[in-house]
Number of protein chains: 2
Amino acid sequence: MSNDASSNSRERILAAATRLAQAHGYGGLNYRDLADEVGIKAASIYHHFESKADLGAAVARRYWENSAAALDDMLAKSQDPLRCLRHYPDTFRKALETGNRICLCSFMAAETDDLPEVVMKEVRTFADVNVTWLSKVLSAAAVVGSRESKQRARAIFAAIAGAQLIARSRSDLALYDALIESYRKAGLLPA
Amino acid sequence: MSNDASSNSRERILAAATRLAQAHGYGGLNYRDLADEVGIKAASIYHHFESKADLGAAVARRYWENSAAALDDMLAKSQDPLRCLRHYPDTFRKALETGNRICLCSFMAAETDDLPEVVMKEVRTFADVNVTWLSKVLSAAAVVGSRESKQRARAIFAAIAGAQLIARSRSDLALYDALIESYRKAGLLPA
DNA sequence: ACCTGAACACCGTTCAAGT
DNA sequence: ACCTGAACACCGTTCAAGT
């Protein structure tokens, strides 16, 4: 079984750490608050993760794996790349909806100077996953030519990360929606 | 005189704190490193700023005041709103050029949950200053109608903040330039 | 006024001892 | 196997006490 006591604790640590890091960053994530949420003591976390760097890397890896799966799932189910493209901003909206959080990797991108390399690597992969998916979908929907699709994918990803960041600073979900709408009007995102 | 020992210490603390916060955030800004850069002891900082919140607010206020002055100066000197709009991304590029730093207020926007209200207030003002200036210049250059200028201004500000954040995570100045170029191609920024 | 030593609270981490 | 109390070395923050 994968659902024995060990993997359950590990799962719950990962889930709580993800939530905390989306609100406070890697630096602001602390073992005592994390342990409190899971219902164990800080020292017990070391039974599941060798170090904070190890935990941070596992959290970020999990984050992009889930994102990649959700995006691929959306595309497989709808078979409509343009529709997928219209729904892409929703995945970032959810973080704001849930306690005004932001994308884990956006926060970690800001923390570049203080991030262990094992964590940084996963942050970069999150961006790669998003850009690769967007590029494929942009091409399939014929929004841009295949030669420009990666460029445009990067621009969309960066712009949405920025919109999420600014909306968080105002705790204003409507601002996020307005920014996405502006991107559509301006031509960055397909209407 | 404004250049006596007191104001010099204060100035040097502000300057060093700004640089540190652009790289490590408000949470990652620490008094010992800050004091080392200024050549005093950590406790001495409290003679110039009542608390870390007070210092953070002063730093952020200084930051948007300087930005507002620089933007107004650029517009007054060139008298060419379209030219100003083309140079706007350069002001964010400079932070990346200087030790891969990002906009102080972008980092602080991520830290929303852990920021004292006095600091948060200045962070919001930085965004307001930029959006107001962009809105005015967009209108003057007739890039968009005056009714849509504020919407577009917000979109440009958010997108550039995002581009800076992503470029930092890759330590890649060329990526920032490519993102700005993509924004122009897509129609978000005037070519 | 300007500065600092020293205390304080908190951090990630370790480890012997518990179940 | 999983967990914990207690301790460790360290660090950011604060304040009473110096000059």
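Just the heavy atoms: all of them, side chains too, but no hydrogens, waters or symmetry mates, feed the values below. Quick caveat: nothing in here was measured; it's all calculated off a predicted structure.
Of all non-hydrogen atoms in A:Thr112 and B:Ser169, the two that sit nearest each other are OG1-CA, 3.5 Å.
Using cut-offs of 30° and 60° for the angle between ring planes, the B:Tyr63 and B:Phe126 rings count as tilted.
Taken residue by residue, residues 115-123 of chain A places no heavy atom nearer than 4.0 Å to DNA chain D.
Distances from the side chain of A:Ile40 to the nucleotides D:dC3, C:dT13, D:dC15 place D:dC3 closest. Picking from D:dC3, C:dC3, D:dG12 the nucleotide with the shortest atom distance to the side chain of B:Lys52 gives D:dG12. Closest contact between the side chain of A:Ser9 and the listed nucleotides D:dC3, C:dT4, D:dT13 involves D:dC3. Relative to the side chain of B:His48, the nucleotides D:dT4, D:dT14, C:dC3 differ in distance, and C:dC3 lies closest.
Across the protein-nucleic acid pair, B:Arg12 atom CZ and C:dC2 atom C1' stand 14 Å apart, rounded to whole Å. The separation between A:Asn30 atom CG and C:dC10 atom P is 10 Å, rounded to whole Å. For the pair B:Tyr31 OH and D:dC11 P, the interatomic distance rounds to 18 Å; values are reported in whole Å. In this entry the distance linking CG of B:Asp54 with P of D:dT14 reads 11 Å, nearest Å. To the nearest angstrom, C1' of D:dT13 lies 13 Å from CG of B:Leu34. Note: CZ (B:Arg32) to P (C:dC10) measures 16 Å, nearest angstrom. Here D:dG18 presents its P atom at 16 Å from NE2 of B:His47, a figure rounded to the nearest Å. Between the CG atom of A:Asp33 and the C1' atom of C:dA9 there is a distance of 13 Å, rounded to whole Å.
For B:Ser44 and C:dC2, the shortest distance from a side-chain N or O to OP1 or OP2 is not below 4.0 Å.
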task = Before giving the answer on salt bridge (charged side-chain N to carboxylate O under 4.0 Å, His left out), spell out for A:Asp113 and B:Arg101 the whole-Å C-alpha distance, their side-chain angles and the decisive distance to 0.1 Å.
result = CA-CA 9 Å; A:Asp113 276 14; B:Arg101 288 183 174 82; over 6 Å; no
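Across all strands shown, D:dC2 forms a Watson-Crick or G-U wobble pair, both distances under 3.5 Å, with C:dG18. Pairing of C:dC11, defined by two Watson-Crick or G-U wobble distances under 3.5 Å, is not identified with any nucleotide.
Taking a 6.0 Å sphere around NZ of A:Lys52, one finds it holds more than 12 heavy atoms contributed by other residues, nucleotides or ligands.
A:Glu117 and A:Lys121 are not joined by a salt bridge, as no carboxylate oxygen comes within less than 4.0 angstrom of a charged side-chain nitrogen. Ionic pairing of A:Arg170 and B:Asp128 is present here: one or more N-O contacts between side-chain nitrogen and carboxylate oxygen are shorter than 4.0 angstrom.
Backbone-only engagement by A:Leu29 is indicated by non-hydrogen atom pairs under 4.0 Å involving sugar-phosphate atoms exclusively.
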